[in-house]
Structure formats: structure tokens, C-alpha cells
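Taking it in order: structure first as C-alpha cells, then the write-up.
The residues of the chain are indexed from 1 along the displayed sequence.
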Amino acid sequence: MAVRGNIVGIDSPEALEKALRAAYYLADEGLATAAYLGLALGKPLLLEGAPGVGKTEAAKATAAVLGRRLIRLQCYEGIDASAALYEWNYPRQMLAIRQAGDESIDIYGETFLIERPMLAALRAPDSTVLLIDEIDRADQEFEAFLLEFLSDFQISIPERGTVRAAERPVVVLTSNRTRDLHEALRRRCVYHWIDYPTAEREARIIMMRASSVAEATARAVVAAVEKLRREPLSKAPGIAEAVDWAEAATLLHKGGARWPDAFKRSIGVALKDEEDLHFISPRLDALLAEATA
């Protein structure tokens, strides 16, 4: 296994944690270590956790730290290889054939190839980060195809031959764990579970991401979202919702709304499901009063 001891000046988990902080992402020791090992060992990084804990943001911040373009493949039920790898531009091929007449034409040239995320990462491994987002939403057939891709980092295009990456691409996979991933896929990755941050860390994230928010407001939002996350909601507020809620409430407060009314009026920024709002509504005043006390 080829070990890359230094990645753009990053020679330790501590150096990566510092670089991620400069990119406005607060990584704990576990995440910084897993991400560093993924980079140094040339292995994909598999991040699992509840929706909204910062898995996708970790990939974005990593791309920013490396100075690379982030290529995102959003998985969904029924996704297939053509959506992930490449497609041929059939209408353009037909037009070229008609225009060529009796002349010979290569309809499988570069001009007719539609590049999808995984092929793009293979062809530019030194300048991209491939994010395979929410792999658990794809079916097992696609997971098996992905397993082959992550083994050799090459694909075969029947009309053009094999495309191999000149070096191992930087790949980040995320999963909300709506289903178990195949053990073979996990074995090929460096794994890390991302949980909701501690109250102290989440308050720091809010103040970092929303510079206009006062510390007292950030801590009140953290206290409120922690209580909401313990409720049986269909969509608990993630870190991004906590940041947005703090900004929205601050905006209303500057416009004249009092605390905690500013939080209550902006609750639609934190909870985005009608049933969740209806469920929490009878206890919202008490919850916010306790959070802002």
C-alpha cells in the first residue's frame, strides 16, 4: 500500500483539523484522524450518521482544504451506472451521422461522451474530490457496482477501452444508515461515525458559521435543538438548521421581536414538517422558555 505522508502540507490529523477549522468546519479528533488516514492511505472515507450532522459538509471542507473541485454524486433509489459513469449523447450522434453522409465518422469520440461524476473523478484524480452522497439510498446492485469501482479505480468503456485513474482519487461516501451497507464495501474504506456535536462544540459551530449571532443566542438555540432532537420527530433539526435558526431569530430580534418570541416565530427554519410542528406546538412555549432561561 502506498502511503502519502504529506498531503498539500498536511502531515498529521492535527494539521488537518486545523486546516478544516480554517475552512469553517470544526472536526473532532476522531473525524480528523479518519479523514487524514483516508487521504494518507489512499482509501475512501465512509462517514455514517444521522441526517444533518455534517457529513456532506465534511467532504466540502476537505475539498476546500485540498484546493480541489468537489464532484457530488447524489444517490437515489434506482440509480444506475449510466448516471454515475457516462452516457453517449445519442441525439448528437444521430445528427453527426446524418451530416457526415457517406463519409466515415467516429461516433464514439470525445465529442459525444457525456461525463458523469465517477468518470470525471477518474480522469482528474489530482484535482477533484468525489463525494458519493447517501449511498444507503441506492439499491444493492449499484452498491455492488461501486464496490468494483473502489477496488481498482478503473472502468471499461466498451467503445473506447479501459479508463484508469493515474493516482488514487480522494473519495468520500456518506450514509444515513437507513439500511446496512455490504461488509465488503466497508472493508475498503476508512470508517467514522459522526454523531451530533456536544453543546459546546455546536455553539462554536453556530458562532463560526453565523458571525452576527451572539454567544447567548447560540447557546439558547443549542439547548432548544437538543430538546427537539429528543422528541419523536420525523425530521430532527440538524446542525445546518441550528445555524439557520440562530440567524433567523437574531434577524427578527434586531427587527424588534423579543426573546423568546423571536425563536418561536422563526421555528419554521428549524422544523420543516407540518406534523412535527403540530406535534411540538403545545409545548413549544415551555421548551423555548426553558432554553432561553
May I ask you to say whether [X] pairs ionically with [Y], meaning some side-chain N is under 4.0 Å from a carboxylate O?
X      : Y      : value
Asp133 : Arg72  : yes
Glu87  : Arg116 : yes
Lys235 : Asp276 : no
Glu226 : Arg229 : no
Lys18  : Glu14  : no

- request: Decide side-chain contact (heavy atoms from CB on, under 4.5 Å) for Arg164 and Arg123; before the verdict, give the C-alpha distance in whole Å, the side-chain angles of both, and the deciding distance to 0.1 Å.
  value: CA-CA 8 Å; Arg164 296 181 179 86; Arg123 298 172 95 180; over 6 Å; no
message: Pair Ile97, Met94 - check side-chain contact (heavy atoms from CB on, under 4.5 Å), show working.
response: CA-CA 5 Å; Ile97 291 173; Met94 293 299 99; 3.6 Å; yes
Quick one: does any side-chain atom of [X] pair with a main-chain N or O of [Y] as donor and acceptor, under 3.5 Å?
X      : Y      : answer
Tyr25  : Gly54  : yes
Arg179 : Ala138 : yes
Ser175 : Arg177 : yes
Arg68  : Ala64  : no

Are [X] and [Y] linked, directly or through other ILVMFWY residues, by side chains that come within less than 4.5 angstrom of each other?
X      : Y      : answer
Val190 : Leu66  : yes
Leu41  : Leu147 : no
Leu271 : Val222 : yes
Val53  : Val225 : no
Phe142 : Leu119 : yes

Which pair of non-hydrogen atoms, one from [X] and one from [Y], has the smallest distance, and what is that distance?
X      : Y      : result
Asp136 : Leu181 : CA-CD2, 4.1 Å
Leu16  : Ala35  : CD2-CB, 3.6 Å
Val65  : Ala23  : CG2-CB, 4.2 Å
Cys189 : Leu46  : CB-CB, 3.8 Å
Tyr86  : Ser156 : OH-O, 4.3 Å
Ala50  : Asn176 : C-OD1, 4.3 Å

Decide yes or no for [X] and [Y]: does some side-chain heavy atom of the first lie under 4.5 Å from some side-chain heavy atom of the second?
X      : Y      : value
Ser151 : Arg188 : yes
Leu70  : Thr128 : no
Leu131 : Ile71  : no

- prompt: Is Arg283 positioned over the aromatic face of Phe279, cation under 6.0 angstrom from the ring centre and no more than 45 degrees off axis?
  reply: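 Yes, a cation-pi geometry holds between Arg283 and Phe279.
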field: Row check, Tyr108 ring normal vs Arg160 NZ/CZ: under 6.0 Å, within 45°
entry: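 Judged by the rule (NZ or CZ under 6.0 Å from the ring centre, within 45° of its axis), Arg160 is not positioned above Tyr108.
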Could you measure the distance from the [atom1] atom of [X] to the [atom2] atom of [Y]? Nearest 0.5 Å is fine.
X      : Y      : atom1 : atom2 : answer
Leu39  : Leu45  : CG    : CG    : 8.0 Å
Glu143 : Leu150 : CD    : CG    : 10.0 Å
Gln74  : Ile132 : CD    : CD1   : 11.5 Å
Leu85  : Met118 : CG    : CE    : 5.0 Å
Ile280 : Ile267 : CD1   : CD1   : 8.0 Å
Ser234 : Glu231 : OG    : CD    : 12.5 Å

query: Mind checking whether Phe153 and Phe149 have ring centres under 6.0 Å apart?
result: yes
- prompt: Of Lys55, His192, Arg186, which is the lone residue that meets side-chain hydrogen bond (donor to acceptor under 3.5 Å, both in side chains) with Glu48?
  reply: Arg186
message: The test is salt bridge (charged side-chain N to carboxylate O under 4.0 Å, His left out); show your working for Glu202 and Arg209 and say whether it passes.
response: CA-CA 10 Å; Glu202 189 160 17; Arg209 291 281 183 145; over 6 Å; no
task: Quick one: do Glu215 and Arg204 satisfy salt bridge (charged side-chain N to carboxylate O under 4.0 Å, His left out)? Show the steps, please.
output: CA-CA 8 Å; Glu215 182 176 352; Arg204 288 172 58 198; over 6 Å; no
Polar contact flag, side-chain donor to acceptor under 3.5 angstrom, Arg137-Thr178: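 Side-chain D/A pair, Arg137 to Thr178: absent.
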query: Is a side-chain donor-acceptor pair under 3.5 Å present for Ser82 with Asp80?
result: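 Asp80 vs Ser82: donor-acceptor pair found between side chains.
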task: Step through the shown structure and confirm whether more than 12 heavy atoms of other residues, nucleotides or ligands are within 6.0 Å of CD on Gln154.
output: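 Above 12, so yes.
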field: Tyr90 atom OH, over 12 foreign heavy atoms within 6.0 Å
entry: no
- request: Walk me through it: do Ile135 and Thr174 pass the test side-chain contact (heavy atoms from CB on, under 4.5 Å)?
  value: CA-CA 6 Å; Ile135 180 61; Thr174 73; over 6 Å; no
query: Could you go step by step and tell me if Trp88 and Glu159 meet the side-chain contact (heavy atoms from CB on, under 4.5 Å) rule?
result: CA-CA 10 Å; Trp88 292 110; Glu159 301 84 0; 3.3 Å; yes
- request: Please step through side chain to side chain donor-acceptor pair (under 3.5 Å) for the pair Thr111 and Arg92, ending with a clear verdict.
  value: CA-CA 9 Å; Thr111 307; Arg92 191 167 185 175; 5.4 Å; no
query: Checking side chain to side chain contact (heavy atoms under 4.5 Å, CB included) against Phe263, which of Val269, Leu284, Thr217 comes through?
result: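 Testing Phe263 for a side chain to side chain contact (heavy atoms under 4.5 Å, CB included) against Val269, Leu284, Thr217 leaves exactly one candidate, Thr217.
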field: Residue pairs involving residues 238-251 (criterion side-chain hydrogen bond (donor to acceptor under 3.5 Å, both in side chains); sequence neighbours excluded)
entry: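 Only Trp245-Ser266 qualify under side-chain hydrogen bond (donor to acceptor under 3.5 Å, both in side chains).
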